[in-house]
Structure formats: structure tokens, C-alpha cells
Amino acid sequence: MKTITKSIITGGILALSLGFAAHAGEDATLTVNGEITLPVRAAAPAGSPLPELFSGWVFRSTETQAMQMDDFDNPGMIFVDQAWEAWSTPEGSAGKSCADCHGEPESFAGLRATMPKWNDEAGKLYTLEDYINESRVKHMGAEPWKWSGGQMTGMTALISLQSRGDVVNVKTDGPVADMYEKGKEIYYTRVGQLDMACSNCHEDNYGVMIRADHLSQGQINGFPAYRLKNAKLNSVHGRFKGCMKNIRATPFKEGSDEFRALELYVASRGNGLVIEGPSVRN
Amino acid sequence: MKPYKLALIPTALLAMTSFAFAADVGPSDVVFADGAVAASLTGVAGDAANGRKVFASRKLGNCLACHVNSDMPEQSFHGEVGPALDGAASRWEEAQLRGILVNSKNTFDGTIMPSFYRTENGVRPLKKFTGKSILTAQQVEDVLAYLTTLKE
């Protein structure tokens, strides 16, 4: 860990003294295990305010990027392994495991690329966390997991991994149109004592340094994300919360309608990028 | 004077700050002319040395988050969201700089730069910052005194 922190720091100083090219790793290629090539840039979807899409991986230091290029070096995979075990472990009053209903995790291939999405039966917008907890409560008779707890982020990582390389294609019309508009409004609303909106940093200033941090487009195709900072997998809502606190705003609650709406809007801004989860970030 | 000043300033800095609170112009009473603020907020001359500290402190001005400042080579990370502040005092009058610090939006429409002496910034502020400006009146004067040393 020590050497990693150190190299990130020198990276920052270097960037500063060079006056900094717009996005350092823009031409870098994300190849995992030497065999899976994941495009890290994509044409912006219709109506996007961005000229081009970039994965958050592009903006990280070479060392952090490298950790995501080998599943053995990606610390997020430890939690995927734990989720593999949980997958086939019966729990709750029904004595069932995920495997009893869903077979192999591969049965969820492609799912993450469409999340969040409308759930007709529930009549609301569902995130991956919602589906997991609904299964736990309804079908297993087990306690729901905490939104950003280790069991939940491990399971969302295992499921996201089944969609690795799939093109993000989140629906924004039909029954979710209202939530999309609500999420968009939140994205552009200035909040907190520092008076900033998500767009001020991730739309207007991606590619530049904000003190020691290289601003990305704030995309969520790499979530859950393993962060060196807290040595665990971080949920999408956990990240939103962190950004709001940094601008000294009271965050919405994880799992709230506000964050669901924001997740839908932010996910759709990444339509065209590919799923990378679990990614590695500083 | 409102008690919020006390809550915001860490004790160490408090010791360095003037206690002439009663003379301070409150955040909503600042008089602007074309984005500039001519009158001192405190009537007490700014302390450039303290202003330099407030400028760099991540908890206070954190101006380095967004601005390169060649006068601070000892600080390793200088952001580049805004223009470099080298020579800022050669580009702007003192009153203009005070205006930019108090409420940057009056000078730069829709800017990302926070307004440092204003109590109604974005919605949903964290409770402990509600109704509080980012800097105190004297801290603004101190940063201003420091900025005026940045000449080309």
C-alpha cells in the first residue's frame, strides 16, 4: 500500500510540473488479464452534454490503472470470491441460497449494463441492491443487507462482473422518465456550503486537477469500485454521498428515491461505455 | 455580531484573529459596486502571513484546490480548475479582489468558485455549516492582504 500511495503522489507532482495534458491516460488501453480488452472511451449518446465519454479508469495514475488490469492484483476480487461463497450458502427461513433459484452467477450476464431499471411488479425504479434485497427478504426469508455493507457490495461486484465488457444501455424513457428528470435536476443543482453541482466538477472540469485529484466524468460503469483510500468496495450511492459531503452538503440517504433517480441519470450519461466492475480507484 | 465566527475558526487561528467583531460587516450587508467591495469588512488591516495559511489550508480557503500559486512551492498539489493566481494583484484592484472573495458570482457569472463570505450558498448545507460563511470577515481580509502581494 505504501508504495502505491507514494507513486500516486509523485504522479500528481509530475502532472503539475508538466502543465498537464488534458486527460493523462486517454490513449491507454484497459486490457484485463492480458486477454479481455475493455474500451475506455465511447461516442457520447444522443443528447449528451459531453463531447465524448471516458471511463474513470482513464483518469487514474498508471499504478492504479495497472491494478485493474489483472484480476489477481485487483483487491476488489477478494470480495467477489467471498460473494461466490455467499451465492451458494443457504440462508433465512426458506433455507435457500441464490444458487437454488438462479443457478450460476453467469445467469445474470448483461444485467448490470441495464441497471437501474423499472420493476413492473414493484411499480418502481430498481437498482441491483433492490433486486438482491428483495430476493433475500421475499424468497429466502433472510434479513436485507445494508446498502453499502461488505456483503452487498461483494454481491453487486460478483453480478457486475458477469456483465464485464457489456455496453451500458440504461433506459430513460417510459415509466422511468420522471425519475430520469428528477435525477437530472439533482445533478445540476448546486448544493452545500461550497455551492457546487455534480456538473461543475464532472461535466465542466473533468480532465483537470482539483488539488491532488484528477477529475473524471463521474461515470459509474466501474462500480462497485474498490478504493485504495478505504480498502473496500464502494457502492454507487456511497460515492454520491461522499461527493456531497465534500461540498459540505447533507447527502441524501443511500437507497433513497433521490439517489435512485441520480443513479439512473448518471448511469444513462454513461450509455455506450462498458461495464468494468469491480474497478480500482484511489 | 453573530456567534458563528467562533464556531468556524479552529482555536489556533482564533488566537491570531482580531476580536473586533462588533465592527464587522455581516455577509448580507456587504456593499458591492460592479462586483467590487471597496470597504474593509472589519476595519482591521489584513494579516498577509495568516492569509497565506488560510489560502493553503484544506479546511479554510483551500484556494489551492483550484488555483496554481507559484509563491507556494512547498505545497505539493495545486489544482488547475481556475486560472493561476500568479500576479493576480497586477490584474485586479484590491476592491475587486475583495468582491471576488466575498461573492465570486458577482464577478464571474455561474462560476464554480465558492463565495467565501456568504451565508446562502447551495441548498442542503451540512448542519454544522448551515448559516455560516466559509471564511470569517477577518480571514477574508487576511487572504486579501496576502493576494495583494501576488504582483507580477
Side-chain angles (χ1 to χ4, degrees), chain A residues 5-6 8-24 61 185-215 240-253 256 258-259 262 282, chain B residues 4 7-8 27 55-70 72-86 101-106 108-136:
Chain A
T5 323
K6 224 173 131 194
I8 289 170
I9 292 169
T10 32
I13 293 169
L14 193 69
L16 186 69
S17 57
L18 292 177
F20 222 78
H23 340 131
S61 71
E185 191 190 319
I186 294 172
Y187 195 86
Y188 287 102
T189 301
R190 284 178 175 256
V191 294
Q193 195 197 35
L194 301 191
D195 200 22
M196 291 177 197
C198 315
S199 57
N200 287 130
C201 288
H202 296 298
E203 182 173 315
D204 303 338
N205 285 296
Y206 68 87
V208 304
M209 298 298 290
I210 187 159
R211 202 128 196 192
D213 259 311
H214 194 195
L215 281 170
F240 291 171
K241 201 170 139 184
C243 281
M244 287 187 78
K245 278 186 160 169
N246 284 343
I247 43 184
R248 301 186 176 177
T250 306
F252 297 106
K253 288 209 162 50
S256 63
E258 286 88 352
F259 271 171
L262 188 59
N282 49 304
Chain B
Y4 63 72
L8 194 69
F55 187 104
S57 162
R58 283 181 157 81
K59 290 225 158 76
L60 294 171
N62 199 15
C63 313
L64 283 178
C66 298
H67 295 285
V68 168
N69 179 2
S70 308
M72 294 190 169
E74 76 280 8
Q75 297 282 342
S76 8
F77 299 109
H78 298 206
E80 28 171 46
V81 174
L85 292 185
D86 305 350
L101 283 171
V102 170
N103 188 348
S104 51
K105 277 96 186 166
N106 288 344
F108 309 114
D109 196 29
T111 184
I112 185 178
M113 179 167 155
S115 298
F116 287 91
Y117 194 59
R118 188 165 168 245
T119 46
E120 48 309 304
N121 281 341
V123 293
R124 303 180 64 85
L126 275 174
K127 214 170 170 185
K128 64 175 171 176
F129 297 113
T130 302
K132 292 173 184 159
S133 57
I134 302 171
L135 297 180
T136 66

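Every chain is numbered from 1 and lettered A, B, ... according to where its sequence line falls, protein lines coming before strand lines.
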Requested in this report: Output the option from B/His67, B/Arg118, B/Lys105 having the highest count of non-hydrogen pairs under 4.5 Å with chain A.
Outcome: B/Lys105

Report task. Go through the steps for B/Val81 and A/Cys201 under the test side chain to side chain contact (heavy atoms under 4.5 Å, CB included), then give the verdict. Result -> CA-CA 9 Å; B/Val81 174; A/Cys201 288; over 6 Å; no

Query - B/Arg124 side-chain N/O to A/Thr250 backbone N/O, donor-acceptor pair under 3.5 Å - result: yes

Query raised in the report: Taking B/Cys66, B/Gly82, B/Ser115, B/Pro114 one by one, which has the highest count of heavy-atom pairs under 4.5 Å against chain A?
Result: B/Pro114

Report summary line: Ranking A/Asn205, A/Leu194, A/Val191, A/Ile247 by heavy-atom pairs under 4.5 Å to chain B gives rank one to A/Val191

Report task. Kindly indicate whether the side chain of B/Leu126, heavy atoms from C-beta on, has any atom under 4.5 Å from the side chain of A/Gln193. Result -> no

Report task. Using non-hydrogen atoms and a 4.5 Å limit, figure out which bit of A/Ser199 sits close to chain B: side chain, backbone, both or neither. Result -> neither

Requested in this report: Check side-chain hydrogen bond (donor to acceptor under 3.5 Å, both in side chains) between B/Asn62 and all other residues, then give those that pass, not counting sequence neighbours.
Outcome: A/Arg211

Requested in this report: Sequence neighbours left out, what passes ring-ring contact (aromatic ring centres under 6.0 Å, His included) with B/Phe55? Give chain and number order.
Outcome: B/Tyr146

Report task. Identify the two heavy atoms, one from A/Gly192 and one from B/Asn121, that lie closest to each other, and give their separation to 0.1 Å. Result -> O-CB, 3.9 Å

Report summary line: Value for CE (A/Met209) from NE2 (B/His78), rounded to nearest 0.5 Å, stands at 11.5 Å

**Report entry** Heavy-atom check, side chain of A/Thr189 versus side chain of B/Val123, under 4.5 Å
**Finding:** yes

Query raised in the report: Heavy-atom count around B/Glu120 CD within 6.0 Å, excluding the residue itself: above 12?
Result: yes

Query raised in the report: B/Glu80 side chain to A/Ile210 main-chain N or O, any donor-acceptor pair under 3.5 Å?
Result: no

Query raised in the report: Measuring heavy-atom distances to chain A, does B/Thr130 have an atom under 4.5 Å in its side chain, in its backbone, in both, or in neither?
Result: neither

